[in-house]
*Asks:* 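Shown below is the structure under consideration.
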Amino acid sequence: MADPSSYRPKPGEIPDSPGVYRFRDEHRRVIYVGKAKSLRQRLANYFQDLAGLHPRTRSMVTTAASVEWTVVSTEVEALQLEYSWIKEYDPRFNVKYRDDKSYPYLAVTMNEEYPRVQVMRGHKKKGVRYFGPYAHAWAIRDTVDLLLRVFPVRTCSAGVFKNAARTGRPCLLGYIGKCSAPCVDRVSAEEHRELADEFCDFMTGRTNTYIRRLEKQMGEAAEEMEYERAARLRDDIEALKKAMEKNAVVLADATDADLIAVAEDELEAAVQIFHVRGGRVRGQRGWVTDKVEEITTGALVEHALQQLYGEETGDAVPKEVLVPALPDPVEPVQEWLTGRRGSNVSLRIPQRGDKKALMETVQRNAQQALVLHKTKRASDLTTRSRALEEIADALDLDSAPLRIECYDISHLQGDDVVASMVVFEDGLARKSEYRRFQIKGFAGQDDVRSMHEVITRRFRRYLAEKEKTGEWTEDKDGGAEGSPGALTGTETPAGPDVITASGAPAGPGGLTEDDGRPKKFAYPPQLVVVDGGAPQVAAARRALDELGIDDIAVCGLAKRLEEVWLPGDDDPVILPRTSEGLYLLQRVRDEAHRFAITYQRTKRSKRFRSSPLDDVPGLGDTRKQALLKHFGSLKKLRSATIDQICEVPGIGRKTAETIAAALAQAAPAAPAVNTATGEIMEEEPGTMGSSGEPVTMGAPDERRGQET
């Protein structure tokens, strides 16, 4: 590991001008390429105290052995040079987008004497018109099959074309009218090229011209009583319309635009692009990339733009590019796109209307692509096995942790403190084993204390189940084996030797209930993972030690830095970024966080909807609604007499007395105030807060605070 100070440039050596810089390792390999408006200011950020750097940046500067730079005139030149060097050197610490060579395009080889329509993949060739990309090659063939009725362009290979010209007989498509057969001189080269131009015009979105022309020809044929030709033209029109229906109108103003959306987590990002031409989605592509450097959403967008348009010119760069976040600064990128197109390009974030709605659709596609990528990665048996082995090696476990439990604490400014327990067996989520906890031992916000309480409660239940099954034997001193006297009592005979799907004894006295379902908390994990760093890990280990449990490993995963903490260690375990073990731990941690936050939100929402009427025995929702409908609000119900309450249908005198007593005991809340104007808000009929008073300050999610 190199010391950055050993290759730090001397003061004054770095110019204060735009440029591109390269970090090289000890073998002179380029490991990172970056650009800067001011090279001096940017490079100075890399040579500060290592403790203040992001872990990925710290890893890069300690891997590097030298840095060099090239001065350019403008930021646009820096952008172009950065793109060129990334393509040339493929640096390991730069964001790498998976090459999209696998995406099929509909291509028209206008660079040939007789243009050909075909499916093409790989790098784009000069003189070839491309349309797409498409998700599947069969979608291209379906579209071409429909359009060949109207635009019978050649689709055969060069060998087939030459053989037909030699024999004087066209292929099958020539006989059935789906090829104009230039190979046997049915049309001249000029006429065939005109057909190819019309095919390209139709694919670029100029569809109405051809449909109107065919409709006019159909009408003329019908007037001249050429009904067979009219019928054929009618079928041609239907074919064109059917081809158009494959690309629904999404923007009514016939916009040409590309929409880019990004879904990301700490380690990966999914990019989705919709290509809209003439208001219709003409192509879609996407990829998932590793985030090998500390990077913002705007920077991810900038890299995506470089990937998309770095080798494109002219109309291949649309007039409008819609993105979820703008690069910083945005002007050089916009100027670079304008230069690639040859005319002005608008780069912006959609704010309203159809474009914003379509961007939301693209964003959903990106999110689903990221989830699908993670699901496919997690579902592979070999990958899961390797992940468990990597975890065992990193944590120095005796065997692979086939059952992993993860715990997370969630609250909102210390209110509604809850915890979650999620279970992964063989690397897959076991949702039937998930558990939720309410923190009962204290009030307020203390994640460390909360973690200690949750681990204690969970494994106290586990020890209790072991005692019931007879697995927990007594030692000579009368205490339970492995426990500091916490559990005592008579032994329970073990059940028959029956093994469940989870590998645990089943049947009477075993680890299943009478109906065959597993008992709660009956199975111990091989590894406990907590969401947090050293303090949370220490709390979990202390809770297990207090219960006398020493055969369960504990670790913590700190979300911000993705570091694995072990009990008693001063430094974390750093798993490689590409490690399947780290990916599995991250997925377990994220699932625990999701489960905890869902429970916390549900609990908070119920609290906000609670009412003193909830404490009245036998008073169901129907009669609650009847009371509120009769009196109009809880405030008026509170001021009503028992006789007035009895007037409500279904409410007897005894129930009315209970209702009045419950409302009298509940203290009314302070009046709601509009924080913008200071005005005291009037209550809304039937809307109740936590104390039974009307809620007029918005939904629970609008409260300030951060969920953890």
Side-chain angles (χ1 to χ4, degrees), residues 75-76 79 95 97 100 103 131-135 204-207 244-265 268-289 291 295-310 312-372 701-702:
E75 293 179 69
V76 178
L79 185 70
V95 169
Y97 289 119
D100 57 355
Y103 284 94
F131 305 96
Y134 288 76
T204 54
R206 292 188 279 272
T207 58
M244 291 169 59
E245 288 172 359
K246 290 179 177 291
N247 304 108
V249 175
V250 292
L251 299 176
D253 56 354
T255 300
D256 290 346
D258 284 351
L259 291 90
I260 302 172
V262 178
E264 57 184 310
D265 58 18
E268 295 174 309
V271 179
Q272 281 286 312
I273 303 98
F274 276 23
H275 302 278
V276 179
R277 299 295 182 268
R280 298 174 182 270
V281 178
R282 298 289 180 179
Q284 176 186 355
R285 75 172 85 177
W287 57 76
V288 177
T289 180
K291 294 172 66 175
I295 193 168
T296 63
T297 303
L300 281 171
V301 168
E302 181 177 319
H303 285 290
L305 293 172
Q306 289 178 316
Q307 174 80 3
L308 283 169
Y309 308 119
E312 304 287 358
T313 57
D315 291 340
V317 182
K319 298 178 181 178
E320 193 172 8
V321 180
L322 305 177
V323 296
L326 294 174
D328 183 25
V330 68
E331 292 79 9
V333 180
Q334 189 160 340
E335 187 177 343
W336 175 72
L337 290 173
T338 298
R340 305 298 303 177
R341 176 177 171 81
S343 60
N344 186 54
V345 175
S346 173
L347 179 63
R348 63 187 185 86
I349 303 172
Q351 300 294 334
R352 63 183 67 85
D354 294 340
K355 293 177 182 178
K356 186 175 187 297
L358 182 58
M359 175 60 82
E360 292 172 353
T361 301
V362 184
Q363 182 65 43
R364 285 195 297 271
N365 276 265
Q367 193 65 48
Q368 290 170 3
L370 184 61
V371 172
L372 181 62
D701 285 338
E702 295 172 349

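Quantities reported herein were computed from a predicted structural model and do not represent experimental measurements.
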*Asks:* Any idea which heavy atoms bring Tyr309 and Ala316 closest together, and the distance?
*Replies:* CE2-O, 4.0 Å

*Asks:* Run Leu308 and Ile260 through side-chain contact (heavy atoms from CB on, under 4.5 Å) and show every step you take.
*Replies:* CA-CA 10 Å; Leu308 283 169; Ile260 302 172; 3.6 Å; yes

*Asks:* Measure the spacing between NZ of Lys355 and CG of Leu259 and express it to the nearest 0.5 Å.
*Replies:* 9.0 Å

*Asks:* Evaluate Leu358 against Val276 for side-chain contact (heavy atoms from CB on, under 4.5 Å), listing each step before the verdict.
*Replies:* CA-CA 10 Å; Leu358 182 58; Val276 179; 3.9 Å; yes

*Asks:* Considering only heavy atoms from C-beta outward, does the side chain of Leu79 approach that of Gln306 to under 4.5 Å?
*Replies:* yes

*Asks:* Can you check whether Leu326 reaches Leu347 side chain to side chain, under 4.5 Å on heavy atoms?
*Replies:* yes

*Asks:* What is the minimum heavy-atom distance between Ala257 and Pro318, and which atoms define it?
*Replies:* CA-CB, 4.0 Å

*Asks:* Looking at every non-hydrogen atom in both residues, tell me the closest pair between Val262 and Gln363 and how far apart they are.
*Replies:* O-NE2, 2.9 Å

*Asks:* If we ignore hydrogens and angles and just use 3.5 Å, is the side chain of Glu264 paired with the main-chain N or O of Ala270 as donor and acceptor?
*Replies:* no

*Asks:* How far does NZ of Lys319 sit from OG1 of Thr338, to the nearest 0.5 angstrom?
*Replies:* 13.0 Å

*Asks:* Looking at every non-hydrogen atom in both residues, tell me the closest pair between Pro332 and Val76 and how far apart they are.
*Replies:* O-CG2, 3.6 Å

*Asks:* For Arg340 and Glu312, indicate whether the former's side chain and the latter's backbone hold a donor-acceptor pair under 3.5 Å.
*Replies:* yes

*Asks:* Would you mind reporting whether Trp336 and Val345 have side-chain heavy atoms less than 4.5 Å apart?
*Replies:* no

*Asks:* Which atoms form the tightest heavy-atom contact between Leu300 and Ala269, and what is the distance?
*Replies:* CD1-CB, 3.9 Å

*Asks:* Rounded to the nearest 0.5 Å, what's the gap from OG1 on Thr361 to CZ on Phe274? Could you check?
*Replies:* 7.0 Å

*Asks:* Looking only at non-hydrogen atoms, find the nearest pair between Glu302 and Pro327 and report the distance.
*Replies:* OE1-CB, 3.5 Å

*Asks:* Quick check for you: to the nearest 0.5 Å, what is the distance between Leu337 atom CG and Asn344 atom CG?
*Replies:* 10.0 Å

*Asks:* Side chains of Arg364 and Gln272, heavy atoms from C-beta outward: is any pair under 4.5 Å?
*Replies:* no

